Protein chains: 2
Amino acid sequence: MTGRVRAPRRVDALSRERVVAASIELLDTAGEDGLTVRALTAHLSTGRGAIYHHVVGKDDLLTAATDAVIGDLVATAGDGDPRETLRSIAVGIFDTIDAHPWVGGQLTRHPQPAVFRLWNSIGASLSELGVAGTDLADAGSALVSYVLGASAQYAAGARQAVDPVAREKYLQQLATQWPGSGCDGGPGQAAELLTDHDDRDQFLAGVDIFLAGVLARLRVKMD
Amino acid sequence: MTGRVRAPRRVDALSRERVVAASIELLDTAGEDGLTVRALTAHLSTGRGAIYHHVVGKDDLLTAATDAVIGDLVATAGDGDPRETLRSIAVGIFDTIDAHPWVGGQLTRHPQPAVFRLWNSIGASLSELGVAGTDLADAGSALVSYVLGASAQYAAGARQAVDPVAREKYLQQLATQWPGSGCDGGPGQAAELLTDHDDRDQFLAGVDIFLAGVLARLRVKMD
DNA sequence: ACCTGAACACCGTTCAAGT
DNA sequence: ACCTGAACACCGTTCAAGT
């Protein structure tokens with residue numbers, strides 16, 4: 001009698017990977033405040049103290065989860081146009097933080113290994129553009145700050161307080177489509193996509209302004 | 001530091017202003033985690049529930065404290081060169097967040113009235129420069145995002161730089177991985193990137209890059 | 001070695017009871 | 001009306017006790 005064919009109960013032992021994966025799941029579904037030791041251990045069907053055998057504490061958990069999500073995103077600078085590479089790096093960060101808003105607060109609050117890789121990729125592309133020395137440090141810092149900060153703020157919904165027109169539109173859409181949306185996801189999703197789309201364009205416009213500034217200063221220096 | 005001892009006498013009745021002022025004091029001295037209802041009410045020599053007669057809750061407290069600190073910072077709109085006005089607004093935000101690091105997280109996490117005023121000031125100066133329409137929205141959003149995000153990240157980084165272990169590790173990685181390192185003493189140059197004084201210069205350099213980009217695009221559009 | 005879960009020291013908020 | 005402080009429902013972390 002075999003019984004218990006596919007019970008996901010205690011088949012695997014706990015591991016750091018499983019704990020981190022469950023944390024990401026919880027963060028995505030329940031938000032930053034939804035990640036509690038109680039909720040996490042309940043999700044893992046284990047005791048409250050079990051995770052402390054695989055993780056130092058909650059800080060370690062947040063850092064590991066962030067690193068797992070941002071992971072290989074900033075893999076390597078392509079050998080194409082450095083401008084395009086920079087834009088795709090920026091958009092990659094934006095989309096990741098948009099999908100996992102808690103990553104935004106995490107990356108901007110405390111420096112992490114993931115931020116290093118971002119620095120290196122951005123620095124390499126700027127270097128390819130011909131930026132060097134102090135200018136490279138200045139431009140790299142500014143671009144990293146913008147990409148991280150703007151993505152985090154867009155994800156946090158800063159746009160609603162910043163742009164009165166978009167705020168009005170957003171609230172109107174929210175008022176008309178959010179409460180009465182009985183149909184399965186259609187209008188609500190459309191509204192989300194619209195606002196996301198605008199945010200993304202505006203974010204990228206900021207990247208382009210920045211790159212234009214870098215190139216303008218580069219040209220001045222060459223004269 | 002005079003050494004004068006201030007006795008916590010209960011001369012005045014509690015008020016929203018006194019509660020907010022005490023919160024700011026606590027946030028500045030004990031950090032973001034140091035603001036607890038227990039510590040606050042102890043500081044005010046009152047019962048735990050007393051503050052709830054003057055404040056909705058902790059969120060309201062944080063918002064009010066942030067607004068009080070950022071307060072009239074943006075109010076001083078100079079009628080001089082808009083570029084200089086923009087730079088002074090940016091530096092004002094940077095210095096404020098540097099002095100009150102908790103303001104950084106607060107402004108970037110949740111939209112606030114203070115952010116709206118910042119957007120208006122920056123928008124007005126950009127408008128004076130001749131930026132209009134979609135370009136104004138794009139440039140304004142980008143600058144607000146950069147000023148807020150970069151200031152918050154520099155403040156967070158400065159706090160972490162106090163930890164000697166993390167700082168050393170950070171410097172080492174920076175020195176070995178930063179592209180084009182190899183000039184006079186890589187580590188030394190990397191170390192300079194983390195000092196507070198250079199932070200301000202680097203932050204302002206970022207503002208100038210953005211402004212150069214805005215002006216460059218403006219020139220292109222005029223052709 | 002790994003896991004359990006009660007216990008501990010916190011936290012924000014509420015509310016009957018006082019003034 | 002304003003304040004008090006015990007009580008409530010949480011939280012992260014620890015640790016003797018089990019397997």
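The shown structure was predicted, so the numbers you read here are calculated from the model rather than taken from an experiment. Below, read A as the first sequence line, B as the second, and so on, with proteins coming before strands; counting in each chain starts at 1.
Going from atom CZ of A:Arg16 over to atom P of C:dC2 covers 14 Å, rounded to whole Å. Spacing between atom NZ of A:Lys58 and atom P of C:dC11 amounts to 15 Å, rounded to whole angstrom units. At whole-Å resolution of the value, CD1 in B:Ile51 and P in C:dT14 are 10 Å apart. Atom CG in B:Leu62 sits about 14 Å away from atom C1' in C:dC11, given to the nearest Å. Between the CG atom of B:Leu44 and the P atom of D:dC2 there is a distance of 16 Å, rounded to whole Å. Between the NE2 atom of B:His53 and the P atom of C:dG12 there is a distance of 18 Å, rounded to whole Å.
For the pair A:Ser121 (side chain) and A:Leu118 (backbone), a donor-acceptor distance under 3.5 Å is absent. The backbone N or O of B:Ser145 lies less than 3.5 Å from a partner atom in the side chain of A:Gln153, making a donor-acceptor pair.
Nearest to the side-chain atoms of B:Tyr52 among the listed nucleotides D:dG12, C:dG12, C:dC3 stands C:dG12. Of the candidate nucleotides C:dC11, C:dT13, D:dG12, C:dC11 has the atom nearest to the side chain of B:Thr36. When the nucleotides C:dC3, D:dC3, C:dG12 are ranked by their closest atom to the side chain of B:Arg38, C:dG12 comes out on top. Checking C:dT13, D:dC3, C:dC3 against the side-chain heavy atoms of A:Leu14 singles out C:dC3 as nearest.
Residue A:Leu40 is out of contact with every strand shown, counting any heavy-atom pair closer than 4.0 Å.
One cannot find a donor-acceptor pair under 3.5 Å joining the base of C:dG12 and the side-chain atoms of B:Arg48.
Between A:His54 and C:dC2, a side-chain N or O to OP1/OP2 separation shorter than 4.0 Å is absent.
What you find for A:Thr85 and A:Ser125 is that their closest heavy atoms are CG2-OG, 3.5 Å.
With salt bridges taken as basic N to acidic carboxylate O contacts below 4.0 Å, one links B:Arg109 and B:Glu32.
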